[in-house]
Novice: 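One structure is given below, represented as structure tokens, and several questions about it will come after.
In this text the structure is predicted, and so the values were computed from the model without any measurement. Along the sequence shown, the residues carry numbers beginning at 1.
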Amino acid sequence: MSEQQQQSADRTEDAPQDLGDVTPEDKRDDEAVSQFVERFAAQLVEAGMQRMSARVFACLLASDSGVLTSAELGERLQVSPAAVSGAIRYLSQVDMVSREREPGSRRDRYRVHSDQWYEAMARRDNILTRWEGTLREGVESLGEDSPAGRRMSETLVFFEFLQAELAGLLQRWREHRDQMRAEYDDAAR
């Protein structure tokens, strides 16, 4: 067999046997995806998220299925299972990922949902309500006419304004998202 024939045979052996086996992820530049994950994770860290949690979240977000096991996350991020576990614990507590059991296995899979940003903002509504109650108490304790009371009162009014706007914003997002998904579905047909 000539050298050229051997190279052709080697390429054929390495190629998927059935073109149906090729997924969009198989066609991607792994290095470019890894760079995106690290860049987005760094921006999440700048916004206050823990570093490893940001990396795990970005990695899940960048996977087509949105679901990976601890071993897959560790392999993609080149980190230990313990690092993945700690990150998942945090992300689960803030409802950015969910844990599910792999069917027929004792292995857990971790899922990022399409609506994670919406859900995170909706939870902010509950936080704002609690802050507003505490701020009202602060205004009463400080006195409305004191400089601190006025500052506290303005903070309270800001959060009340934010909460009122957030409700409308989330409703507009749901409408926009539903329209976008319908367009995706129409294009896929």
Side-chain angles (χ1 to χ4, degrees), residues 33 35-63 65-70 73-74 76-77 79-101 108-184:
V33 172
Q35 288 175 3
F36 159 77
V37 166
E38 295 304 326
R39 193 169 46 254
F40 187 52
Q43 291 172 358
L44 292 171
V45 169
E46 286 175 10
M49 188 181 281
Q50 300 167 356
R51 183 173 186 275
M52 188 53 60
S53 297
R55 292 183 71 212
V56 167
F57 179 75
C59 187
L60 281 166
L61 196 61
S63 71
S65 66
V67 179
L68 295 170
T69 65
S70 182
L73 285 163
R76 289 181 186 204
L77 297 172
V79 297
S80 71
V84 170
S85 177
I88 289 295
R89 186 173 27 262
Y90 169 79
L91 292 168
S92 295
Q93 288 171 349
V94 296
D95 293 324
M96 292 186 77
V97 301
S98 61
R99 183 185 313 247
E100 53 191 46
R101 186 68 60 177
D108 287 330
R109 300 184 312 180
Y110 306 103
R111 176 180 301 277
V112 65
H113 298 281
S114 298
D115 291 335
Q116 78 274 357
W117 298 114
Y118 168 83
E119 294 297 329
M121 292 305 293
R123 279 189 305 283
R124 290 281 179 227
D125 189 48
N126 294 332
I127 292 169
L128 291 174
T129 300
R130 288 197 325 250
W131 288 357
E132 288 169 15
T134 303
L135 287 167
R136 275 188 198 87
E137 292 173 13
V139 170
E140 287 176 23
S141 299
L142 296 166
E144 289 182 28
D145 296 330
S146 72
R150 283 192 302 274
R151 192 171 45 250
M152 190 77 58
S153 182
E154 188 173 319
T155 302
L156 170 60
V157 171
F158 170 75
F159 284 127
E160 289 171 338
F161 175 83
L162 190 60
Q163 189 169 27
E165 292 297 311
L166 184 59
L169 181 66
L170 291 175
Q171 178 58 39
R172 288 191 303 279
W173 163 248
R174 284 188 298 270
E175 292 165 2
H176 179 75
R177 177 203 58 205
D178 292 347
Q179 179 183 353
M180 181 182 64
R181 287 179 178 173
E183 289 170 4
Y184 286 156

Novice: Can you tell if the side chain of Leu77 reaches within under 4.5 Å of the side chain of Val56, non-hydrogen atoms only?
Specialist: yes

Novice: Under the salt bridge (Lys or Arg N to Asp or Glu O under 4.0 Å) criterion, do Asp145 and Arg150 qualify, and how do the steps go?
Specialist: CA-CA 6 Å; Asp145 296 330; Arg150 283 192 302 274; 5.5 Å; no

Novice: Using 0.5 Å steps for rounding, measure from the CE atom of Met152 to the CD atom of Glu140.
Specialist: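 Interatomic distance, Met152 CE to Glu140 CD, rounded to 0.5 Å: 12.0 Å.
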
Novice: Check the surroundings of atom CG in Asp178: do more than 12 heavy atoms from other residues, nucleotides or ligands lie under 6.0 Å from it?
Specialist: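 Yes, CG of Asp178 has more than 12 neighbouring heavy atoms, counting only those of other groups under 6.0 Å.
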
Novice: Give me the atom names and distance for the closest heavy-atom approach of Val45 to Ala54.
Specialist: CG2-CB, 3.9 Å

Novice: From Leu44 CG over to Arg55 CZ, what is the distance, rounded to the nearest 0.5 angstrom?
Specialist: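 Reported to 0.5 Å precision, the distance equals 12.5 Å.
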
Novice: Check the side chains of Thr129 and Gln163 for a donor-acceptor pair under 3.5 angstrom, ignoring hydrogens and angles.
Specialist: yes

Novice: Does CD belonging to Gln43 count more than 12 external heavy atoms closer than 6.0 Å?
Specialist: yes

Novice: Rounded at 0.5 Å granularity, tell me how far OH in Tyr110 sits from CG in Leu68.
Specialist: 11.0 Å

Novice: Has Arg51 got more than 12 heavy atoms of other residues, nucleotides or ligands less than 6.0 Å from its CZ?
Specialist: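 It does not: Arg51 CZ has 12 such atoms or fewer within range.
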
Novice: Looking at Glu144 and Val139, what are the two nearest heavy atoms and their distance?
Specialist: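 Looks like CG-CG1, 3.6 Å.
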
Novice: Can you tell me how the ring of Phe40 sits relative to the ring of Phe36, calling it parallel under 30°, perpendicular over 60° and tilted otherwise?
Specialist: parallel

Novice: Give the intermediate values and the outcome of side chain to side chain contact (heavy atoms under 4.5 Å, CB included) for residues Asp108 and Thr69.
Specialist: CA-CA 6 Å; Asp108 287 330; Thr69 65; over 6 Å; no

Novice: Does Glu100 have any salt bridge (charged side-chain N to carboxylate O under 4.0 Å, His left out) partners at least two apart in sequence or in another chain, and if so, which?
Specialist: Arg109, Arg111

Novice: Can you measure from CG (Leu135) to OG (Ser141) and round to the nearest 0.5 angstrom?
Specialist: 11.0 Å

Novice: Would you say Leu73 and Ile88 make side-chain contact, with heavy atoms under 4.5 Å?
Specialist: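 When only atoms from C-beta onward are counted, Ile88 and Leu73 do touch, with a gap below 4.5 Å.
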
Novice: Could you tell me the separation between the OG1 atom of Thr155 and the CD atom of Glu160, rounded to the nearest 0.5 Å?
Specialist: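 That separation rounds to 11.0 Å.
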
Novice: Considering non-hydrogen atoms only, spot the tightest contact between Ser70 and Val84 and give its length.
Specialist: OG-CG1, 3.5 Å

Novice: Going by heavy atoms in the side chains, are Arg76 and Leu60 under 4.5 Å from each other?
Specialist: no

Novice: So does Pro81 get a backbone contact from the side chain of Ser85, meaning a donor-acceptor N/O pair under 3.5 Å?
Specialist: no

Novice: The criterion is side chain to side chain donor-acceptor pair (under 3.5 Å); which residues satisfy it with Ser92, sequence neighbours excluded?
Specialist: none

Novice: What distance do Phe159 atom CZ and Thr134 atom OG1 have between them, rounded to the nearest 0.5 Å?
Specialist: 11.0 Å

Novice: Let me see the working for Met52 and Tyr90 under side chain to side chain contact (heavy atoms under 4.5 Å, CB included), right down to the final yes or no.
Specialist: CA-CA 10 Å; Met52 188 53 60; Tyr90 169 79; over 6 Å; no

Novice: My understanding is that only one of Arg172, Gln171, Gln179 makes a side-chain hydrogen bond (donor to acceptor under 3.5 Å, both in side chains) with Glu175; could you say which?
Specialist: Gln171

